[in-house]
Amino acid sequence: MFELFQLRCFVTLAEELHFGRAAARLHMTQPPLSRQIQLLEHALSVKLLERTSRSVRLSAAGEVFYRDAVSILRHADQAAALAKRVEKGEAGRVTVGFTAVAGYDLLPRIVSAAQQRFPMTDVVLREMVSKDQLEALESGAIDIGFVRPLSGAGTSTSRHLLLRDPLVLAVHADHRLARKKDIRPEHLQDERFIMYSPDDGRYFYELVSGLFASAGVQTRHVQHIGQTHTILGLVRGGVGMAIVPASAMMLPFREVQFRPLWRSGIVAELCLAWRPESSNPAVEIVAGFVKQHFSGTARGSAVPA
């Protein structure tokens, strides 16, 4: 079997058709170049060159072999360059977990920017709740996650706060509270509420429950739902009202109005999570890029008054 170096020698000689010039391009002398061509012809059992004392030209077989040899060398160079980029974290594949709310605005912007910055890195998206993301990070099923800071979630992942999303009241446009500029705790007393699920929506369930408890508000929980878009669909249908992150205002529910709460400091946090000991070099590179360019991003904070 021939070697890549022999192919390089042959391709260079085929382009120069002169042993002296070809040897100079290869930074070698003529005798070892002639030897490499002989070894290549012997390996192929084919005469690639027609030689005379005054000229060198390709044989018919050499003409055909030259085209394939150029292609082989090009692919070999590309493979070597790609391997180096993967080792540096500039190419490869990164699997990213995300919550549904993160997918409304932040995630599309992050993925778009990452694709432009790392065009040779494939970003594979997996939608899942924060609890499942943390488990997937531990098992290696995903490389990076956009998660909520769940209480009692002890993992070995590194985390970085990306944004704080204010909570707002979502109410049907025909409801009396849709016309109020200032929502006070007593306005919500005994109202029908669509709550987040304590399982699939645990982070928001604890956040909203804590808000109600601190304000001394009793509401009627008519449904417990895991996903924000489903909650807003029920609000649009008049099933009840809900407290959701302000980024949900980007969803096209025209019959739903959003009002600011009595406490502006109530926010939902979203963190970037990854395993620092990951064997995937692209993880640290992509995570560093996200931290640098998207930390402190706040969307949906401008709530209609």
Side-chain angles (χ1 to χ4, degrees), residues 99-106 129-131 133-134 146-153 159 161-173 175-251 253 255-271 296-305:
T99 64
V101 175
Y104 301 156
D105 176 50
L106 180 65
V129 298
S130 295
K131 176 174 64 69
Q133 283 191 64
L134 293 173
F146 292 94
V147 302
R148 303 295 178 183
L150 297 177
S151 60
R159 302 189 199 180
L161 179 63
L162 282 181
L163 63 83
R164 294 180 174 90
D165 200 0
L167 295 187
V168 296
L169 178 70
V171 62
H172 193 279
H175 195 280
R176 59 182 178 80
L177 294 183
R179 295 180 291 277
K180 284 191 173 292
K181 291 185 177 181
D182 298 314
I183 301 297
R184 297 193 298 274
E186 57 267 27
H187 293 153
L188 306 182
Q189 185 67 33
D190 296 326
E191 288 285 352
R192 292 179 301 165
F193 252 84
I194 304 162
M195 277 289 288
Y196 282 91
S197 165
D199 298 317
D200 293 340
R202 173 180 150 199
Y203 175 76
F204 285 106
Y205 175 84
E206 292 178 350
L207 204 58
V208 175
S209 295
L211 177 65
F212 286 159
S214 65
V217 175
Q218 296 289 332
T219 59
R220 291 182 290 155
H221 298 171
V222 293
Q223 295 291 338
H224 288 81
I225 304 296
Q227 299 295 339
T228 300
H229 54 271
T230 304
I231 289 175
L232 291 182
L234 294 174
V235 173
R236 179 178 60 180
V239 176
M241 61 185 66
I243 291 179
V244 298
S247 56
M249 294 165 57
M250 301 191 66
L251 295 175
F253 290 99
E255 300 90 342
V256 177
Q257 294 291 315
F258 298 91
R259 315 309 301 161
L261 298 178
W262 59 94
R263 286 178 56 186
S264 59
I266 300 297
V267 296
E269 295 182 340
L270 185 71
C271 299
T297 299
R299 288 289 177 181
S301 56
V303 185

Colleague: Sequence neighbours excluded, which residues qualify as side chain to side chain contact (heavy atoms under 4.5 Å, CB included) partners of Arg263?
Modeller: Leu211, Ser214, Ile266
Colleague: Rounded at 0.5 Å granularity, tell me how far CG in Leu162 sits from CG in Leu270.
Modeller: 6.0 Å
Colleague: Would Phe258 and Val235 count as a side chain to side chain contact (heavy atoms under 4.5 Å, CB included) if you check the C-alpha gap in whole Å, the side-chain angles of each, and the deciding distance to 0.1 Å?
Modeller: CA-CA 11 Å; Phe258 298 91; Val235 173; over 6 Å; no
Colleague: Kindly indicate whether the side chain of Arg259, heavy atoms from C-beta on, has any atom under 4.5 Å from the side chain of Leu177.
Modeller: no
Colleague: At what distance, to the nearest 0.5 angstrom, does CE of Met241 lie from CG of Leu169?
Modeller: 6.0 Å
Colleague: Of His187, Lys180, Gln257, which meets side chain to side chain contact (heavy atoms under 4.5 Å, CB included) against Val171?
Modeller: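 Testing Val171 for a side chain to side chain contact (heavy atoms under 4.5 Å, CB included) against His187, Lys180, Gln257 leaves exactly one candidate, Gln257.
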Colleague: Please report the shortest heavy-atom distance between Gln189 and Val217, naming the atom on each side.
Modeller: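 Minimum heavy-atom contact is OE1-CA, 3.7 Å.
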Colleague: Under 3.5 Å, is there a donor-acceptor pair between the side chain of Asp165 and the main chain of Pro245?
Modeller: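 Answer holds: no.
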Colleague: Could you tell me which non-hydrogen atom of Ala173 sits nearest to which non-hydrogen atom of Ala178, and how far apart they are?
Modeller: O-CB, 3.6 Å
Colleague: If every non-hydrogen atom of Pro166 is compared with every non-hydrogen atom of Val267, which pair is closest and at what distance?
Modeller: CA-CG1, 3.9 Å
Colleague: Say you draw a straight line from CD of Gln133 to CZ of Phe146; how long is it, rounded to the nearest 0.5 Å?
Modeller: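 Rounded to the nearest 0.5 Å, the CD-CZ separation comes to 9.0 Å.
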Colleague: So, taking the atom named NZ in Lys131 and the one named CG in Asp200, what distance separates them when rounded to the nearest 0.5 Å?
Modeller: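 These two atoms lie 7.0 Å from each other.
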Colleague: For His172, give me all partners under side chain to side chain contact (heavy atoms under 4.5 Å, CB included), at least two apart in sequence or on another chain.
Modeller: Asp174, Glu255
Colleague: Under 30°, 30 to 60°, or over 60°: which ring-plane class applies to Phe204 and Tyr196, parallel, tilted or perpendicular?
Modeller: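 Ring orientation, 0 to 90° scale: parallel.
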Colleague: For a quick test of reading the model, state the closest non-hydrogen atom pair linking Ser130 to Arg148 and the distance between them.
Modeller: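 Answer, listing the atom of Ser130 first, then Arg148: OG-N, 2.9 Å.
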Colleague: Crowded around Gln218 CD? As in, over 12 foreign heavy atoms under 6.0 Å?
Modeller: no
Colleague: Testing the basics here: between Leu188 and Ile183, what is the closest heavy-atom pair and its distance to 0.1 Å?
Modeller: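 So the minimum-distance heavy-atom pair works out to CD2-CG2, 4.2 Å.
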Colleague: What do the steps show when you test Met249 against Val244 for side chain to side chain contact (heavy atoms under 4.5 Å, CB included), and what is the final call?
Modeller: CA-CA 9 Å; Met249 294 165 57; Val244 298; over 6 Å; no
Colleague: When rounded to the nearest 0.5 angstrom, what distance separates CG in Leu261 from CD1 in Ile243?
Modeller: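 If I round to the nearest 0.5 Å, the distance is 5.0 Å.
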Colleague: Report yes if some heavy atom in the side chain of Ile225 is under 4.5 Å from a heavy atom in the side chain of Ser197; otherwise report no.
Modeller: no
Colleague: Ignoring hydrogens, what is the shortest heavy-atom contact between Val101 and Thr228? Give both atom names and the distance.
Modeller: CG2-OG1, 3.2 Å
Colleague: For Arg192, check side chain to side chain contact (heavy atoms under 4.5 Å, CB included) against everything at least two apart and list the hits.
Modeller: Arg220, Val222
Colleague: Under 4.5 Å between any side-chain heavy atoms of Thr99 and Tyr203, yes or no?
Modeller: no
Colleague: Taking side chain as C-beta onward, heavy atoms only, is Leu134 less than 4.5 Å from Arg159?
Modeller: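 Yes, side chains in contact.
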Colleague: Find the distance between CD1 (Ile194) and CD (Gln223) and round it off to the nearest 0.5 Å.
Modeller: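 Rounded to the nearest 0.5 Å, the CD1-CD separation comes out at 7.5 Å.
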